[in-house]
Participant: 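Sending over a structure as structure tokens; questions will come in a sec.
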Amino acid sequence: LAAAISAAMLVLSMSFLPREERAENFVTAIDHVWRRDHVFRASVGEFQKLGLGGTYAAFLFFIFALHWGFIAIMEPLYANSLALSGQLIGLIYAGFTIPFLFVCILVGRYLDRHGAKAVIVAGLFLSAISSVGFGMTGEPRELFLLSLIAGIGHALLLPAVMSIIDRLSSYHR
């Protein structure tokens, strides 16, 4: 079924998509975007107004997304290379998401009262500890515990970074 759908999409794409003209080189394309795309220029201007704190918050968000994406791609392969059963792989993977159900609510309340700095540091610390631990063990119980620690770190980090971005955008900075 997947092969048939792919073949159908290939035929439809070849039939209906217009023929492309000669492509612009990269520098010319960027120049055209910069001169013609007013929304892009306004976005760059707004981003520059964020200053160091906003730039760092955006960097933290991208680090979070990169770490989460890396886990989503590599964790099943890693667990499979340890010859774990599908149930254990699923349990370990669930450890990354279970803390979001509980920790985010508590973190939100804490952030409203005390700010995000300590929460961000704690989230980064727990994420780092779990990453090191994953490189040192193959025991399923320890992997599950490490996935819970990573999940708690992520559940701390994401709301804290988003609160900083929200605060900056609320004050038009």
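Computed from heavy atoms alone, side chains included, the values below leave out hydrogens, waters and symmetry copies. The residues of the chain are indexed from 1 along the displayed sequence.
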Participant: Can you list every ring-ring contact (aromatic ring centres under 6.0 Å, His included) pair that touches residues 138-157, not counting sequence neighbours?
Facilitator: Phe64-His154, His67-His154, Trp68-His154

Participant: Take a 6.0 Å sphere around CZ of Phe100 and say whether it holds more than 12 heavy atoms from other residues, nucleotides or ligands.
Facilitator: yes

Participant: Answer yes if Leu10 and Leu1 sit in the same cluster of Ile, Leu, Val, Met, Phe, Trp and Tyr residues linked by side chain heavy atoms under 4.5 Å apart, and no otherwise.
Facilitator: no

Participant: Where is the tightest heavy-atom contact between Ala155 and Val107, given as atom of each residue plus distance?
Facilitator: O-CG2, 4.1 Å

Participant: Nearest heavy-atom pair of Leu148 and Pro99: which atoms, and what distance?
Facilitator: O-CG, 3.6 Å

Participant: Between Val161 and Leu157, is any pair of side-chain heavy atoms under 4.5 Å apart?
Facilitator: yes

Participant: What's the separation between atom CD1 in Ile5 and atom CE in Met9, rounded to the nearest 0.5 Å?
Facilitator: 9.5 Å

Participant: Minimum heavy-atom separation for Ile120 to Ala160, with atom names?
Facilitator: CG1-CB, 3.5 Å

Participant: Flag the pair Leu84 / Ile92 as yes when at least one side-chain heavy-atom distance between them is below 4.5 Å, and no otherwise.
Facilitator: yes

Participant: Rounded to the nearest 0.5 Å, how far apart are CG of Leu143 and OH of Tyr93?
Facilitator: 15.0 Å

Participant: Kindly say whether Ser127 contributes a backbone atom to a donor-acceptor pair with the side chain of Ser130 at under 3.5 angstrom?
Facilitator: yes

Participant: Please check if atom CG in Leu101 has more than 12 non-hydrogen atoms from other residues, nucleotides or ligands closer than 6.0 Å.
Facilitator: yes

Participant: Just how far is it from atom CZ of Arg141 to atom CG of Leu91, taken to the nearest 0.5 Å?
Facilitator: 11.5 Å

Participant: Are more than 12 heavy atoms from other residues, nucleotides or ligands located less than 6.0 Å from atom CG of Leu106?
Facilitator: yes

Participant: Shortest non-hydrogen contact from Leu124 to Tyr56?
Facilitator: CD1-OH, 4.3 Å

Participant: State, to 0.1 Å, how close Ile149 and Leu126 come at their nearest heavy-atom pair, and which atoms those are.
Facilitator: CG2-O, 3.6 Å

Participant: For residues Ala150 and Phe96, report the shortest heavy-atom separation together with the two atoms involved.
Facilitator: CB-CE2, 3.6 Å

Participant: Flag yes if Ile105 and Phe102 sit in one hydrophobic cluster, no otherwise; membership is Ile, Leu, Val, Met, Phe, Trp, Tyr, and two members link when side-chain heavy atoms are under 4.5 Å apart.
Facilitator: no

Participant: Return the OG to CG distance between Ser163 and Asp112, rounded to the nearest 0.5 Å.
Facilitator: 8.0 Å

Participant: About how many Å separate CD1 of Ile152 and SG of Cys104, when rounded to the nearest 0.5 Å?
Facilitator: 11.0 Å

Participant: In Å and rounded to the nearest 0.5 Å, what is the CG to CE distance from Leu146 to Met136?
Facilitator: 10.0 Å

Participant: Linking I/L/V/M/F/W/Y whenever any side-chain heavy atoms sit under 4.5 Å apart, do Leu156 and Val121 land together?
Facilitator: no

